[in-house]
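Ligands are counted one by one from 1 in listed order, and the atoms in each one are counted from 1 as well. Note: hydrogens, waters and symmetry copies are ignored here, and every other heavy atom, side chains too, is used. Position 1 is the first residue of the sequence; numbering continues from there.
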Amino acid sequence: MSQKTDFLIIGTGVAGLSFALKMAEHGRVTLVAKSSLSNNNTSMAQGGIASVVASEDHFENHIHDTLDAGAGLCLPEVVRKVVEDAPMRIRDLQKWGVEFDHRQSDSLGDVDLTREGGHSHRRILHVQDHTGMAIQQALQSRVKENPNIKILENHIALELLTDHDLYPAQTGANRCIGASFLDIENHKLVDVFAPFTMLATGGAGKTYLYTSNWEGATGDGIAMAYRAGCRIANMEFMQFHPTCLFHRQARNFLISEALRGEGAELINAEGRTFTYDFDKRGPLAPRDIVARAIDAEMKTSGAECVYLDIRHKGKDFIKQRFPFIYEKCLSLGFDLAEQPLPVVPAAHYLCGGILTDEHGQTDLPGLFAVGECANTGLHGANRLASNSLLECLSFSHYAYLKILQIKDQVPLPLGQRVDHGLYLHKENADEFMLISHLWDEIRSCMWNYVGIVRSDRRLQRALTRIRNIEVEIAEYYSHFKLHPDTVELRNLATVARLTIECALRRQTSVGTHYNIDHPSQKSDLNPLNSISPNSLNG
Ligand code: SIN
């Protein structure tokens, strides 16, 4: 089956939804989710969104904090633009119906601002402790009622479609003209043709055994863009969130940094506040520092976890400010008001991704990338807390402005069915065991060898293993029945390999990339550690 649209958007978190709402004023939009519309990392975001709002705060402070967290690798002009535009992006959200928490005592209705690691001021707007879900729901209801937006749920993207693939006789620059999908429920292939395609496919936390991310964070957009010829950059910068719940059944449950922003301390089993040994900001230092402090504490003491203690704030405050986290922990047997909570770091946010310019344009004309799948230069070597939702909104706006400028010069692609050479009906039940085994192997390998603390030897070992796995998957992919797990597995392996290759090339320690063989930070840091499928020298 093939379809045509003006704007194809893959991914339905805040980047995809906000872009859809803007583009729908100028044409037909097809918005594709690989699961349901609300299954994504945006819905799981607890903390909030950063913007200078308070009169005692200034843009220069937010710029400084972002650059400082990014450890010298942010692009300063990108940081300045995003920070200075942030209040406008907050107004976009309010216009779409997002109601941020207000200070209860304030009859003027000022927004309540919380604090997180690396921020010198209170500047995080939030909706209790489920900000992402509140944003997702508000934007989703707008999208659903918009007659210009067609929604395809349960469609997993397979490949980007390009001029050169479809029309080999074509000369001139290659161009993205849409993407192919597997309609999971009906087990059919669907090609969607469009002059502009937006990847808003999110991150790749699932490359690691322990992650705060949703099930589908398998780096699909990054792997597809790479296969289509785009450069991928700074993949070594996987950010580990310091505090995920340490619990067998809920190991991916995030305990928001906002708890530390509101006074929670990180302590060891003896009750000692160890984080001040590493940075004077203690538990509110940037995430890379706090995650490494926890890792070091656990390795020194042999403990399986550390503890987050917010008891001193009292039950009323905790229940009112963090109702979602409080109830979830209670359901697992932990009362935050009565006991310190066992926590461990977990893979949380990919700072690198598909290389884009300041408008979210990738190397492939017609293809844009926004949000966690993109490397825009905002985050450098370590993202500042609550700058992620902001980046999604900012770059979907910049991409929207760029496309308005150029859209009349780009013709609609012809759009003809593509022979994917894939099997839809062949049976291969026995082979699913192999898929799940390879999934586990990749995730354990990444956790053990490409984690918070790395070494050249561990990285080399991981690279050899992942390369072998990629060969096994390639063999499987084209010979057996197409299944979403196989599609994700192939992407996961590609993204894992790109992460390791970037990590091996970054011969220093900076931000979230820490290598014991190169422990000190070099002064001549390259902000762009990029890999292209055509040349490993970027
Ligand atoms: C959190 O609530 O701790 C996560 C916020 C973020 O990742 O920026």
#### Entry: Verdict with supporting geometry, Glu391 and Asn387, side chain to side chain donor-acceptor pair (under 3.5 Å)
CA-CA 6 Å; Glu391 186 195 43; Asn387 266 355; over 6 Å; no
### Query
Of the listed options (Gln46, Arg383, Arg287), which comes nearest to atom 4 (C) of ligand 1 when hydrogens are ignored and any heavy atom counts?
Arg287
### Query
Nearest heavy atom to atom 3 (O) of ligand 1: which of Arg260, Met44, Glu257 does it belong to?
Glu257
### Query
Parallel under 30°, tilted from 30 to 60°, perpendicular over 60°: which one fits the rings of His62 and His119?
tilted
Provide the number and element of each atom of ligand 1 under 4.0 Å from a heavy atom of [X].
X	answer
Glu116	5 (C)
His348	4 (C), 6 (C), 7 (O)
Ala385	8 (O)
Ser256	1 (C), 2 (O), 3 (O)
His241	1 (C), 3 (O), 4 (C)

### Query
Among side-chain atoms of Glu257 and Thr243, is any donor-acceptor pair under 3.5 angstrom?
no
### Query
Taking N or O atoms only and a 3.5 Å limit, does Gly47 qualify as a polar contact for ligand 1?
yes
### Task
Give yes or no for whether the N/O distance cutoff of 3.5 Å, strictly under, is met between Ser388 and ligand 1.
no
### Query
Side chain of Asn213, backbone of Asn41: donor and acceptor closer than 3.5 Å?
no
### Query
Would Asn40 and Ser43 count as a side chain to side chain donor-acceptor pair (under 3.5 Å) if you check the C-alpha gap in whole Å, the side-chain angles of each, and the deciding distance to 0.1 Å?
CA-CA 6 Å; Asn40 49 54; Ser43 299; 3.1 Å; yes
### Query
Ser120 pairs by side chain to side chain donor-acceptor pair (under 3.5 Å) with which of Asp57, Asp65, Asp68?
Asp65
### Message
Would Lys328 and Phe253 count as a cation-pi pair here, with the cationic atom under 6.0 angstrom from the ring centre and within 45° of the axis?
### Response
yes
